[in-house]
Amino acid sequence: MTYISSLQNIHKHGTFGDYENKNENELLKLKEVKNLIIYQIVKYKNSTADVSKMNLDGLRLPDPLKVKHNSSTRILWMGPDNWLVISDKKNIFDTFKNDFTDKDFAITDLSHSRTIIEVEGNLAREVIKKGSPLNINELGEGDCSNSVFHAITITLDFISDNPQVIRVLALRSFGESLHHSLTDACLEFGFKSV
Amino acid sequence: MLHINCPFCGLRAQKEFAYGGDATVKRPEINREVSKEEWDNFVYMRKSPRGKHIELWHHISGCRQWFKVQRDTATHEIFKTAKMSEEIV
């Protein structure tokens, strides 16, 4: 199956906004993250499976509002008994399908249903603050949270604190609108679209 | 704007939530004859109290969980929140 990005016709590379007289390190960077495998795992309410002992790509399932990750896979807490697995391993499902049986878990492939935009730079938090009511100062590397950005439901994944890197995930159909909102928010700081 | 303490995610802005109505309404028992009046009361009839009230809220842009909120409908003060399996007394 060929992946066609929802931002294919709108994500233009270049430098935009108030970027003059600023060196590259001061500019925000905006990047679309593509070709990742995304699975939602939900434990059934009547399941007695002990998730604290379960293992996915060498990772335990994370605590509330936390992320567990290795170099290729990130597991985000989405809600009680609900996780999002994001990986660049094409065969990630094969690695956990025997442990997460369909008797206890509902597993859904969401790879083509999300748009992911990565904001990087010292002012990345300021960009998110413009559209989200979340108290973002309390969150940092290894945290994740669902929230809204200009009325679009989003998932925030805090990749790194230094440099600040935040991934914003939204439903694919909201991708274009989210891109416009994020680029608008970045204009006053100047940003490089890569 | 209200700030609501989701039992799963902590304090969040009202923007992330959807109101779900009166949390004290009980569905008529299953496998029992239900009169039209009883059913009508369950589906349509709601009190509109001024003061403390227990409501359902949905953290629709968060953890997607339903939970109970005890709120003053006049002052909007929120006293307690609880999971669906818990009682607010």
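Order of the sequence lines sets the chain letters (A, B, ...), proteins ahead of strands, with each chain counted from 1. As the structure is a computational prediction, the values presented were derived from the model and not from experiment.
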Asker: Could you tell me whether N137(A) atom CG has more than 12 heavy atoms of other residues or ligands within 6.0 Å of it?
Answerer: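 Counting neighbours around CG of N137(A), more than 12 heavy atoms of other residues, nucleotides or ligands fall under 6.0 Å, so yes.
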Asker: Verify side-chain contact (heavy atoms from CB on, under 4.5 Å) between R64(B) and N146(A), making sure each step is shown before the conclusion.
Answerer: CA-CA 9 Å; R64(B) 277 124 192 161; N146(A) 290 323; 3.6 Å; yes
Asker: Just checking heavy atoms, which of residues 31-56 of chain B are less than 4.5 Å from chain A?
Answerer: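 So far as heavy atoms go, nothing in residues 31-56 of chain B approaches chain A to under 4.5 Å.
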Asker: Among P64(A), S145(A), S147(A), G79(A), which residue forms the greatest number of heavy-atom pairs with chain B at distances under 4.5 Å?
Answerer: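 That would be S147(A).
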Asker: Please list, in residue-number order, every residue in residues 8-25 of chain B that has a heavy atom less than 4.5 Å from any heavy atom of chain A; write 'none' if there are none.
Answerer: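 Against chain A, the residues of residues 8-25 of chain B that fall inside the cut-off (heavy atoms, under 4.5 Å) are F8(B), C9(B), R12(B), A13(B), K15(B), E16(B).
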Asker: Do I38(A) and V42(A) sit in the same hydrophobic cluster, where Ile, Leu, Val, Met, Phe, Trp and Tyr count as joined when their side-chain heavy atoms come under 4.5 Å apart?
Answerer: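 No, separate clusters.
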Asker: Count I, L, V, M, F, W, Y as connected when their side-chain heavy atoms are under 4.5 Å apart, and connections chain through other members. Are I41(A) and L169(A) then in the same cluster?
Answerer: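 No, I41(A) and L169(A) fall in different hydrophobic clusters.
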Asker: Just checking D94(A): does its CG atom have more than 12 heavy atoms from other residues, nucleotides or ligands closer to it than 6.0 angstrom?
Answerer: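 Counting neighbours around CG of D94(A), more than 12 heavy atoms of other residues, nucleotides or ligands fall under 6.0 Å, so yes.
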Asker: Is the number of heavy atoms from other residues, nucleotides or ligands within 6.0 Å of NZ (K192(A)) greater than 12?
Answerer: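 Not more than 12 within 6.0 Å, no.
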Asker: Taking atom CZ of F174(A) as the centre, report whether more than 12 heavy atoms of other residues, nucleotides or ligands fall under 6.0 Å from it.
Answerer: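 Not more than 12 within 6.0 Å, no.
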Asker: Pairs in or reaching into residues 72-89 of chain B: which pass side-chain hydrogen bond (donor to acceptor under 3.5 Å, both in side chains), with residues at least two apart or in two chains?
Answerer: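 Pairs touching residues 72-89 of chain B that pass the test: R71(B)-H76(B).
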Asker: Determine whether I159(A) and V119(A) fall in the same hydrophobic cluster, where Ile, Leu, Val, Met, Phe, Trp and Tyr are linked whenever their side-chain heavy atoms lie under 4.5 Å apart.
Answerer: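 I159(A) and V119(A): separate clusters.
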Asker: Same hydrophobic cluster for I37(A) and I86(A), using side-chain heavy-atom links shorter than 4.5 Å among ILVMFWY?
Answerer: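 As far as the 4.5 Å side-chain criterion goes, I86(A) and I37(A) are not connected within one cluster.
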Asker: Would you compute the distance between atom SG of C63(B) and atom CG of L65(A) and round it to the nearest 0.5 angstrom?
Answerer: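 Result: 8.5 Å between the selected atoms.
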Asker: Report, as yes or no, whether the 6.0 Å neighbourhood of atom NZ on K29(A) holds more than 12 heavy atoms from other residues, nucleotides or ligands.
Answerer: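 Yes, enclosed.
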Asker: Taking only residues at least two apart or on different chains, which pairs with a member in residues 161-181 of chain A satisfy side-chain hydrogen bond (donor to acceptor under 3.5 Å, both in side chains)?
Answerer: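 Sorted pair list: H11(A)-H179(A), E118(A)-R167(A).
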